[in-house]
Amino acid sequence: MPIQSILDGKYEDKSVAIRGWVYRKREGKQTIFLVVRDSTGVIQCTVKADSPAWSEAEKITIESSLTIEGTVKKDQRAPGGYEVSAEKLSVIGLADVFPISKDKSEEFLRDIRHLWLRSRRMNLVMKVRADVLEFTREFFKDQGFVEVSPPMFISAAVEGGSTLFGLKYFDQNLYLTQSSQLYLEILIYSLEKVYCIAPSFRAEKSRTIRHLTEYWHIEGEWPFADMNDLMQFEEELLAHVCKRAAEKCGKEFEELGADTSKVASVETPFPKITYTEAVERLKAKGIERKWGEDFGYDDEKALADEFGKPFFVYDYPTAIKAFYCKTYRNHPEVAMSADMLVPRIGEISTGGAREDDKDVLIKRIREMGLSEKDYDWYLDLRRYGTVPHVGFGMGLERLLTWMLDLENIIDSIPFPRTIRRFYP
RNA sequence: GCCGCCGUAGCUCAGUUAGGUAGAGCGGCUGGCUGUUAACCAGUCGGUCAUAGGUUCAAGUCCUAUCGGCGGCGCCA
């Protein structure tokens with residue numbers, strides 16, 4: 001039975017059988033204490049010198065897999081309050097000396113990530129990650145969205161960026177996607193409200209605690225909507241995920257040393273300021289930014305410190321936004337775009353209205369120095385029943401890093417890929 | 001792309017200021033211990049001081065180059 005069910009007190013004074021791995025071993029002349037873990041929790045097992053399990057217990061090592069049969073006893077001396085008095089112990093896989101002990105560095109743990117993933121800490125983070133994915137899908141589904149599966153191999157740049165990973169595709173050159181947005185835009189013409197949770201790849205040589213080269217992108221796209229609809233959807237999505245996490249993941253947050261009150265207190269509507277207001281606020285802080293300049297991380301941090309919670313900056317200058325961003329018809333220098341920012345991490349989401357006028361889009365593609373030919377199918381979407389639409393992309397790992405107050409984004413994903421790390 | 005920091009035992013580190021016999025704790029192994037809480041006590045094993053070159057009577061320590069890692073900025077989610 002699951003270890004957690006024993007810790008919940010369901011088997012007091014009853015016979016149980018557990019299976020798992022040795023987490024700690026403490027040896028005395030009369031008693032061997034084995035702390036055993038499974039996916040649900042950890043429990044202390046005692047093996048007495050006169051128990052038939054003694055000889056097996058003596059030779060077992062940390063991280064060996066085993067089964068134990070015994071009797072559950074309530075005992076205040078045991079961590080967790082319950083322990084299993086072992087009567088039978090079978091070693092399944094005897095472990096070599098486990099390299100991870102109490103002294104460990106970030107670097108070492110990254111080198112042996114395949115073993116570090118067994119840790120209590122990573123176990124907890126991965127459970128919260130799974131729950132956050134579930135809460136996200138829950139929200140999209142409630143709002144009538146259809147989950148779709150975009151391609152990872154793509155033939156042309158999504159944003160015309162130089163940050164694409166190229167690869168050999170038989171005898172052609174292809175890229176790994178850096179956003180599924182353009183493909184979601186195709187699907188709104190039939191399914192209307194669509195979303196995906198899929199990897200995005202960025203060949204940016206960033207060395208920070210908030211960048212991965214492969215990350216999971218939560219993207220939504222839907223027609224007949226404007227900027228207000230977009231920001232409202234995004235803030236409600238985040239609020240839903242945070243509220244559900246506060247309800248369901250309290251234990252995980254606590255064990256990870258994260259504060260649930262932060263996510264529990266996320267409420268809509270979020271503060272929203274325009275790019276122009278942001279420039280003014282920065283000016284008031286003594287940070288001079290000319291209108292039209294993009295914000296750096298320090299600028300975002302200064303703004304985020306002021307709010308201390310998630311907020312939006314919207315209506316950015318067209319010049320610093322991608323070609324597909326829709327512009328205000330009476331103010332073409334301003335793009336209908338919105339970034340969601342959180343303290344410490346900065347941007348966790350970017351979204352906006354997409355240009356739906358074929359001629360304006362062609363003009364923008366040319367202005368950005370891109371080739372019209374590469375976007376033929378994208379332009380087709382504007383030729384056949386174009387429709388105003390909006391969409392956004394949110395970084396799952398940035399969201400988790402913020403929610404759980406992780407020191408580094410790499411711990412929000414089991415197998416992080418960074419500029420230097422891709423093993424295992 | 002720019003800037004900063006780090007590399008000594010399986011692991012965590014001291015030793016680098018001011019060149020002079022390679023150290024500790026943890027882990028392993030051996031023994032001890034009547035209930036431990038990442039146990040404790042004693043003993044013991046364990047080294048290409050990242051690599052290459054240079055200075056010097058003498059280099060872990062100083063100099064040069066290279067390799068590897070971490071972080072900050074830029075860029076981005």
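Values below: all heavy atoms of this structure, side chains included; hydrogens, waters and symmetry mates excluded. Treat the numbers as computed from the prediction; the structure is a model and nothing was measured.
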(message) Looking at A/Trp222, I want to see if its CH2 is surrounded by more than 12 non-hydrogen atoms of other residues, nucleotides or ligands under 6.0 Å.
(response) yes
(message) Does B/U12 have OP1 or OP2 under 4.0 Å away from a side-chain N or O of A/Ser105?
(response) yes
(message) Base, sugar-phosphate or nothing for A/Glu106? Non-hydrogen atoms, less than 4.0 Å.
(response) nothing
(message) By the 4.0 Å heavy-atom rule, please label A/Thr350 as base, sugar-phosphate, or nothing.
(response) sugar-phosphate
(message) Side chain of A/Arg24 only, heavy atoms from C-beta on: which candidate in B/A38, B/C33, B/U12 is closest?
(response) B/A38
(message) Less than 4.0 angstrom between a side-chain N/O of A/Arg202 and OP1 or OP2 of B/C76, yes or no?
(response) no
(message) Measuring only the C1' atom in each nucleotide, how far is B/A22 from B/G15? A whole number of Å is fine.
(response) 9 Å
(message) I'd like to know if A/Lys48 reaches the base of B/G35 with its side chain such that a donor and an acceptor end up less than 3.5 angstrom apart.
(response) yes
(request) Classify the nucleic acid contact of A/Ser206 as base, sugar-phosphate or nothing, counting any heavy atom under 4.0 Å across all strands shown. (result) base
(request) Look through every strand shown and name the nucleotide pairing with B/G10 as Watson-Crick or G-U wobble, where both distances are under 3.5 Å. (result) B/C26
(request) Answer with yes or no whether A/Gln76 presents, from its side chain, a donor or acceptor under 3.5 Å of a partner atom in the base of B/G35. (result) no
(message) At less than 3.5 Å, do the side-chain atoms of A/Gln44 and the base atoms of B/U36 form a donor-acceptor pair?
(response) yes
(message) Quick check for you: among B/A77, B/C73, B/G71, whose closest atom lies nearest to any side-chain atom of A/Asp298?
(response) B/C73
(request) Look at the side chain of A/Arg398 against the base of B/C76 and say whether a donor-acceptor pair falls under 3.5 Å; ignore hydrogens and angles. (result) yes
(request) Grab the CD1-P distance between A/Ile419 and B/C2 for me, whole Å please. (result) 12 Å
(message) Using a distance-only criterion (donor-acceptor N/O pair, under 3.5 Å, no hydrogens), is the base of B/G25 paired with the side chain of A/Asp103?
(response) yes
(request) Would you classify A/Arg77 as touching base, sugar-phosphate or nothing, given that sugar-phosphate means primed atoms plus P, OP1 and OP2, and contacts are heavy atoms under 4.0 Å? (result) base
(request) Report yes if a side-chain nitrogen or oxygen of A/Lys104 is closer than 4.0 Å to either non-bridging phosphate oxygen (OP1 or OP2) of B/U12; otherwise report no. (result) no
(request) Kindly state whether the ring of A/Tyr275 and the ring of A/Phe295 have centres lying under 6.0 angstrom apart. (result) yes
(message) Would you say the rings of A/Tyr378 and A/Tyr324 are close, in the sense that their centroids are separated by under 6.0 Å?
(response) no
(request) Check whether any side-chain nitrogen or oxygen of A/Arg120 sits under 4.0 Å from OP1 or OP2 of B/A38, and answer yes or no. (result) no
(message) By the 4.0 Å heavy-atom rule, please label A/Asp75 as base, sugar-phosphate, or nothing.
(response) base
(message) Nearest whole Å is fine: how far is B/G7 P from A/Asp111 CG?
(response) 16 Å
(request) Confirm from the modelled atom types if A/Thr46 and B/G35 form a donor-acceptor pair under 3.5 Å, side chain to base only. (result) no
(request) Salt-bridge test for A/Arg129 and A/Glu397: reply yes if a basic N is under 4.0 Å from a carboxylate O, no otherwise. (result) yes
(message) In whole Å, I'd like the distance from the CH2 atom of A/Trp402 to the P atom of B/C76.
(response) 23 Å
(request) For A/Arg210, report the nucleic acid contact type (base, sugar-phosphate, nothing); a contact means any heavy atom under 4.0 Å. (result) base
(message) Tell me the closest heavy-atom pair linking A/Val47 and A/Leu34, and the distance in Å.
(response) CG2-CD1, 4.4 Å
(request) State the pairing partner of B/U64; accept Watson-Crick or G-U wobble contacts with both distances under 3.5 Å, and report none otherwise. (result) B/A52
(request) Specify the separation, in whole Å, of atom CD of A/Glu58 and atom C1' of B/G31. (result) 13 Å
(message) Is it the case that the base of B/C11 and the side chain of A/Ser101 share a donor-acceptor contact (distance under 3.5 Å, atom types as modelled)?
(response) no
(request) Assert yes or no for the condition that the ring centre distance of A/Phe312 to A/Phe307 is strictly below 6.0 Å. (result) no
(request) Nearest-nucleotide wise, let me know which of A/Gly28 and A/Met394 is further upstream toward the 5' end of RNA chain B. (result) A/Gly28
(request) Give a yes/no on whether any side-chain N or O of A/Thr31 is located under 4.0 angstrom from OP1 or OP2 of B/G35. (result) no
(request) Answer yes if the ring centres of A/Phe233 and A/Phe145 are under 6.0 angstrom apart, and no otherwise. (result) yes
(request) Pick base, sugar-phosphate or nothing for A/Ile209, based on heavy-atom distances below 4.0 Å to the nucleic acid. (result) sugar-phosphate
(request) Could you tell me whether the phosphate oxygens of B/C70, OP1 or OP2, come under 4.0 Å of any side-chain nitrogen or oxygen in A/Arg110? (result) yes
(request) Flag as yes if A/Tyr215 stacks onto the base of B/A77 (centroids under 5.5 Å, planes under 30°), otherwise no. (result) yes
(message) Is there a side-chain contact between A/Asn408 and the phosphate of B/G71, meaning an N or O under 4.0 Å from OP1 or OP2?
(response) yes
(request) From the options B/U34, B/U36, B/G10, select the nucleotide whose nearest atom is closest to the side chain of A/Pro79. (result) B/U36
(request) Report yes or no: is there a donor-acceptor pair, N or O only, under 3.5 Å between the side chain of A/Arg207 and the base of B/G71? (result) yes
(request) Provide the Watson-Crick or G-U wobble partner of B/U21, both distances under 3.5 Å; none if there is no partner. (result) none
